[in-house]
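Right, one structure below, let's go through it.
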Amino acid sequence: MSLKIYNTLTRKKEKFIPLKEGEVGMYVCGPTVYNFIHIGNARPFIIFDIARRYLKFKGYKVKYIQNFTDIDDKMINNAQKLNVTVSELAKKFIKEYFIDADSLNIRRADIHPRATEHIKEIIELVKDLEEKGYAYEIDGDVFFDVSKFKSYGKLSGQDIEELKLGARVEIDERKKNAIDFALWKKAKSGEPSWESPWGKGRPGWHIECSAMSMKYLGKTLDIHAGGSDLIFPHHENEIAQSEASTNKPFVRYWMHNGYLCLNNQKMSKSLGNIMKVREIGQKYKGEVIRYFILSAHYRNPLNFSEDQLQQAQNSLQRLNNTIFNIKHQLTQGKFKESRDKDDEIILEKRKESRQQFIEAMDDDFNTPVALSQLFGFARELNIYLNSPGLKNKLVLEESYEFYKEFANEILGILKEVEPEESFELEIKNLIKEREEARKVKNWEKSDQIRDVLREKGVILEDTPEGIRWKKIK
RNA sequence: GGCGGCAUCGCCAAGUGGGAAGGCAGAGGACUGCAAAUCCUUCAUCCUCGGUUCGAAUCCGAGUGCCGCCUCCA
């Protein structure tokens, strides 16, 4: 079985073959740190976090890079508005980004490079492009000459001539072609700037990704990922800059996720129809948000609504119940040695679900189908767990392992429950009290205790093997 | 104007030539002192029209509706 990835460049699913056997270099376009991230920003971070985890599962050694854009117009404008320096603004929102990312179980990249910490590499690259004749300077600004790069438009399927006609860009009359883009921008007064061969200035937007990705991953990356809105012009321009400089393919597999919409419109800061991760997090756990994101294939559009989150929460609850129930049986401490037909069925079913989960993920990270395997196995397992008699320990452990590996390690949608000693003691005492009441069929008292515990966020479940309790929220 | 995407049960969502997955919600039932959890049963011929085919949600053509990129945007 082999992994297939949809490549935007070829518009086909392709077998994934990294440049170096067993190793993957992956770069994901990160946030511009001028504000809190919204759920639409979070989609690629979650999706590609999972792609990365899955690649690791497949045995690849993955080097994962996600940048922070910490210098551009939005940074400058927002810093002015808030009356802080650009660097202070960046510092704050990088911190906020990590708070949000952590809440969503998004693992840290191996490196989180920042544009302002790679000015030297950026200048080198621009200089190289200028020397090779792909770039030209006009009065402190440096532009990329698109007409010199023959395959411009190959990623987005755009034709240079059409682009020129349709250019909505403010035409800078000094540029050779309307669609030439800035590699280096001359400093305006009051803006942060760096010394360069062209005078004081700052990098253009596209150049940082080329410079930083190649610095950490080499001239050819295995995977470069981001939202579909980056295909043009951002990634198109990255290809032009990088390949013009190195004369080597810049990226083997381009991955782009579909938009997250609100009321069927793309969620974006400029439209103002955004839901910040921080806001949603007040009401829903990160695992729920992740589940919601995974419920659709990453390339399809996904519409955000509170109703959807509620559905995600309910769905996830079902999985959590099953996992909780396995754990409960495991802590009972009594098992049978033998393995009969029912045990074998579970082990067989586990094997099947495992295989199908992998098949789904191999098919361009088809998480909705992968999720369905978690549910399919849960049904079989619930039947087993509810059947009378002792259970086989190995079967329970293997089943638990299945969810730990797939739901937790790869998808990251499992909730970690941390015990609180004092709280548990109080609960245990109440449960004991209720058991006494139940023995003498004092239903009134036992129901009352159950209600009290519910108030405290504890659900009691009477099972043939004894009381099972769990915390909610 | 150029390029691209989407339309499948009340809601969400897979499936791209031969069984319409899965989840949520709903209905009925079982289990339970009552619950909870769980299980069982039930719940769609796939936007429209035409075509290709023994056979199409899936391919082709026309149409309708929605969305995106071409300007900052994940």
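Below, chain A is the first sequence line, B the second, and so on; all start at residue 1. From a predicted model like this one, the values you see are computed outputs, not experimental measurements.
Between A:Ile39 and A:Ile293 there is a side-chain heavy-atom pair separated by less than 4.5 Å. For the pair A:Val86/A:Asp70, no side-chain contact is recorded, criterion being any heavy-atom separation below 4.5 Å from C-beta on.
Along RNA chain B, the nucleotide nearest A:Leu271 and the nucleotide nearest A:Leu316 are compared for position; the residue whose nucleotide lies closer to the 5' end is A:Leu316. Each of A:Phe232 and A:Asn263 has a nearest nucleotide on RNA chain B; the 5'-most of these lies closest to A:Asn263.
With a 3.5 Å ceiling on both atom-pair distances, B:rU16 lacks any Watson-Crick or G-U wobble partner. Nucleotide B:rG1 forms a Watson-Crick or G-U wobble pair with B:rC70, both donor-acceptor distances falling under 3.5 Å. If you check B:rU64 for Watson-Crick or wobble pairing at under 3.5 angstrom, you find it paired to B:rA7.
Among the heavy atoms of the strands lying under 4.0 Å from A:Asn314 are primed sugar atoms or P, OP1, OP2 only; no base atom is included. Among the atoms of the strands shown, base atoms are found under 4.0 Å from some heavy atom of A:Ser268. No contact: A:Ile37 has no heavy atom under 4.0 Å from any strand. No contact: A:Gly153 has no heavy atom under 4.0 Å from any strand.
In the set B:rA21, B:rA74, B:rC24, B:rA21 carries the atom at the smallest distance from any side-chain atom of A:Ser372.
Judged by distance alone, the side chain of A:Asn78 and the main-chain N or O of A:Asn35 form no donor-acceptor pair under 3.5 Å.
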TODO: Summarise protein proximity over nucleotides 34-46 of chain B in one line of letters, 5' to 3': B for base, S for sugar-phosphate only, - for none, counting protein heavy atoms closer than 4.0 Å.
DONE: BBBSSSS------
Task: Heavy-atom protein contacts under 4.0 Å, nucleotides 5-19 of chain B, coded B base, S sugar-phosphate only, - none - done: ------BSSSS----
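In this structure, A:Trp443 forms an aromatic stack with the base of B:rG33, since both conditions hold: centre separation below 5.5 Å and plane angle below 30°.
Taking a 4.0 Å limit (strictly below) on heavy-atom distances, residues 73-81 of chain A reaches RNA chain B at A:Lys74.
Residues meeting the salt bridge (charged side-chain N to carboxylate O under 4.0 Å, His left out) test with A:Arg354, sequence neighbours left out: A:Glu405. Applying the side chain to side chain contact (heavy atoms under 4.5 Å, CB included) criterion to A:Lys185, with sequence neighbours excluded, gives A:Asp73, A:Asp141, A:Ala182, A:Arg202. Looking at residues two or more places apart in sequence or on another chain, you find a salt bridge (charged side-chain N to carboxylate O under 4.0 Å, His left out) between A:Lys266 and A:Asp229.
Judged purely by distance below 3.5 Å, without hydrogens or angles, the side chains of A:Asn237 and A:Gln241 never pair a donor atom with an acceptor atom. With hydrogens and angles left out, the side-chain atoms of A:Tyr6 and A:His297 include no donor and acceptor closer than 3.5 Å.
In summary, the aromatic rings of A:His206 and A:His235 are positioned with their centroids too far apart to meet the 6.0 Å limit. Between A:Phe406 and A:Phe402, the ring center distance clears the sub-6.0 Å criterion.
Using a 4.0 Å cut-off, some side-chain N or O of A:Asn41 falls inside it from OP1 or OP2 of B:rA74.
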